[in-house]
Undergrad: 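This is the structure I have questions about; it appears just below.
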Amino acid sequence: MKLTAHRGVSSLAPENTLAAFRKAADMGCEWIEIDVQLSLDKVPVVIHDQSVKRCTNGDGIVAQMNLASLQSLDAGSWFSEAFNDERIPTFEQTLLLANELNLKVNIEIKLYPGDDIALLCEKIKEVIVQLNIDTTQLLFSSFNLQALKQIHALLPQVRRGLLCKEIPDNSLDLLLEIDAFSMHCHYQFLTAQQTAKIKQAGYEIYCYTVNDPEKVKDYWQWGVDMMITDKPQAYVTI
Ligand code: G3P
Ligand code: MG
C-alpha cells in the first residue's frame, strides 16, 4: 500500500513544516507532498495558502513578503504550542531534510492568480540542481498545465503528475501533452472505469486527500497506486 504524507503528516504536526516531514520519516512513509510558491524576494518556500494567516501567527500574502519576514513568523503554534519553534521552510531546507531522511518528495507547484509560472519553475529547478538531488526521488505535480509544461522543459528527467479535482474527459490528451507519469485526482470523484482507462494508457493514478481508508478500500483493487493522506497512521490497521 503506497502512501504519501500530505503536507507532511499534517494530522500530527503543523502542515508543510519540517516537523511534519520528520513525522513522516518516523512513521516510515516513503513519500511526502509539499506545496511550493515564491516569496517576494523570489525564494521558493513551502506553504499551501496564498496568505500566511491560517498557518502562522502573522498576516499577509506570501508573494508580497520577503523570506526574512516569512521566516520570522511562528508556523507551529496555530496547531499546538509544542510546535512554536516551527518556521515556514524554504524549498531548499525541505529538500535537504528529505534527502537526509530518505524521503521522496512530491513537489506541488502551487500557483495563485498573478504568479509568474516561469519564474517559479526556474527557481525550483535552481534549488534542485544546486543541491544535486537524485531526481528519481522527486515527482512534480500541479493543477496548472502550463507549469507542468514549463518544468518538463527545464527538468525533463523528473516525473510529472497532473492534478485535477475530477478527471476530465480529455485526460489522456493532457497527460500526453506533459509526458506525464501520473494522474492525481480527488478520491470522491474517481470511478473504477476512469481508473481502468488511465491505467490501461500506462499512467499511475493517485488520490487525494484520503483520511479515512474505509472510503477507498475498493480503490486498491481498481488499480489506484497511491493515497495522499494527512493521516498515514489511519492505514496501519487495514
Ligand atoms: O497534491 C494533492 C493535494 O495537495 C492537492 O490539493 O489544495 O491540498 O494542495 P491541495
Ligand atoms: Mg498540495
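When a residue number appears, it is its place in the shown sequence, counting from 1. One-based numbering, in listed order, for ligands and for the atoms of each.
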Undergrad: What atoms of ligand 1 come closer than 4.0 angstrom to any heavy atom of Arg7?
TA: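 Per the distance check, 7 (O), 8 (O), 10 (P).
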
Undergrad: How far is atom 7 (O) of ligand 1 from its nearest protein heavy atom, and which residue and atom is that?
TA: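 Result: His48 NE2, 2.7 Å.
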
Undergrad: State, without any angle test, whether Asp74 and Asn84 hold a side-chain donor-acceptor pair at a distance under 3.5 Å.
TA: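 Side-chain D/A pair, Asp74 to Asn84: absent.
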
Undergrad: Using distance alone, determine whether Glu108 and ligand 1 share an N or O pair under 3.5 Å.
TA: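 It does: an N or O of Glu108 is found under 3.5 Å from an N or O of ligand 1.
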
Undergrad: Below 4.0 angstrom from a heavy atom of Glu33, which ligand 1 atoms are there? Numbered from 1 as shown, please.
TA: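 Those atoms are 1 (O), 2 (C), 3 (C), 4 (O).
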
Undergrad: When you compare the side chains of Thr4 and His6, does any donor N or O come within less than 3.5 Å of an acceptor on the partner?
TA: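 On atom types as modelled, these side chains do not qualify, holding no pair under 3.5 Å.
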
Undergrad: Could you label the plane-to-plane angle of the Phe189 and His186 rings as parallel, tilted or perpendicular, counting under 30° as parallel and over 60° as perpendicular?
TA: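 Plane angle over 60°, so perpendicular.
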
Undergrad: Give a yes-or-no answer on whether the side chains of Ser11 and Gln233 include a donor-acceptor pair shorter than 3.5 Å.
TA: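 A pair is found: one side chain offers a donor N or O, the other an acceptor, under 3.5 Å apart.
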
Undergrad: Flag yes if more than 12 heavy atoms outside Asp134 fall under 6.0 Å of its CG atom; otherwise flag no.
TA: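 Yes, the 6.0 Å shell around CG holds more than 12 heavy atoms from other groups.
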
Undergrad: Please confirm whether His6 comes within less than 3.5 Å of ligand 1 when only nitrogen or oxygen atoms on both sides are compared.
TA: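 His6 vs ligand 1: N/O contact under 3.5 Å present.
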
Undergrad: With a 4.0 Å cut-off on N to O distance, would you call Glu214 and Lys217 a salt bridge?
TA: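 Salt bridge: yes.
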
Undergrad: What's the OE2-the Mg ion (ligand 2)-OE1 angle here (Glu33, Glu108), rounded to 10 degrees?
TA: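 OE2 of Glu33, the Mg ion (ligand 2) and OE1 of Glu108 span an angle of about 90°.
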
Undergrad: Does ligand 1 have an atom under 4.0 Å from some heavy atom of His184?
TA: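 Checking ligand 1 against His184, which is what was asked, there is no heavy-atom contact under 4.0 Å.
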
Undergrad: Side chain, backbone, both or neither: which part of Leu163 has a heavy atom under 4.0 Å from ligand 1?
TA: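 Side chain only.
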
Undergrad: Please name the atom of Asp35, limited to N, O or S, that comes nearest to the Mg ion (ligand 2).
TA: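 The atom in question is OD1.
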
Undergrad: If you measure every N or O of Lys110 against every N or O of ligand 1, does any of those distances drop under 3.5 Å?
TA: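 Such a contact does occur with ligand 1.
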
Undergrad: Please determine, by modelled atom types, if Asn144 and Ser142 share a side-chain donor-acceptor pair under 3.5 angstrom.
TA: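 Short answer, no.
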
Undergrad: Show me which atoms of ligand 1 lie under 4.0 Å from any heavy atom of Phe143.
TA: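 Answer for ligand 1: 5 (C), 6 (O).
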
Undergrad: Please state whether Asp35 comes within less than 4.0 angstrom of ligand 1, counting heavy atoms only.
TA: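 Contact present.
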
Undergrad: Could you check whether Gln137 and Glu30, counting side-chain N and O atoms only, form a donor-acceptor pair closer than 3.5 Å?
TA: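 No.
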
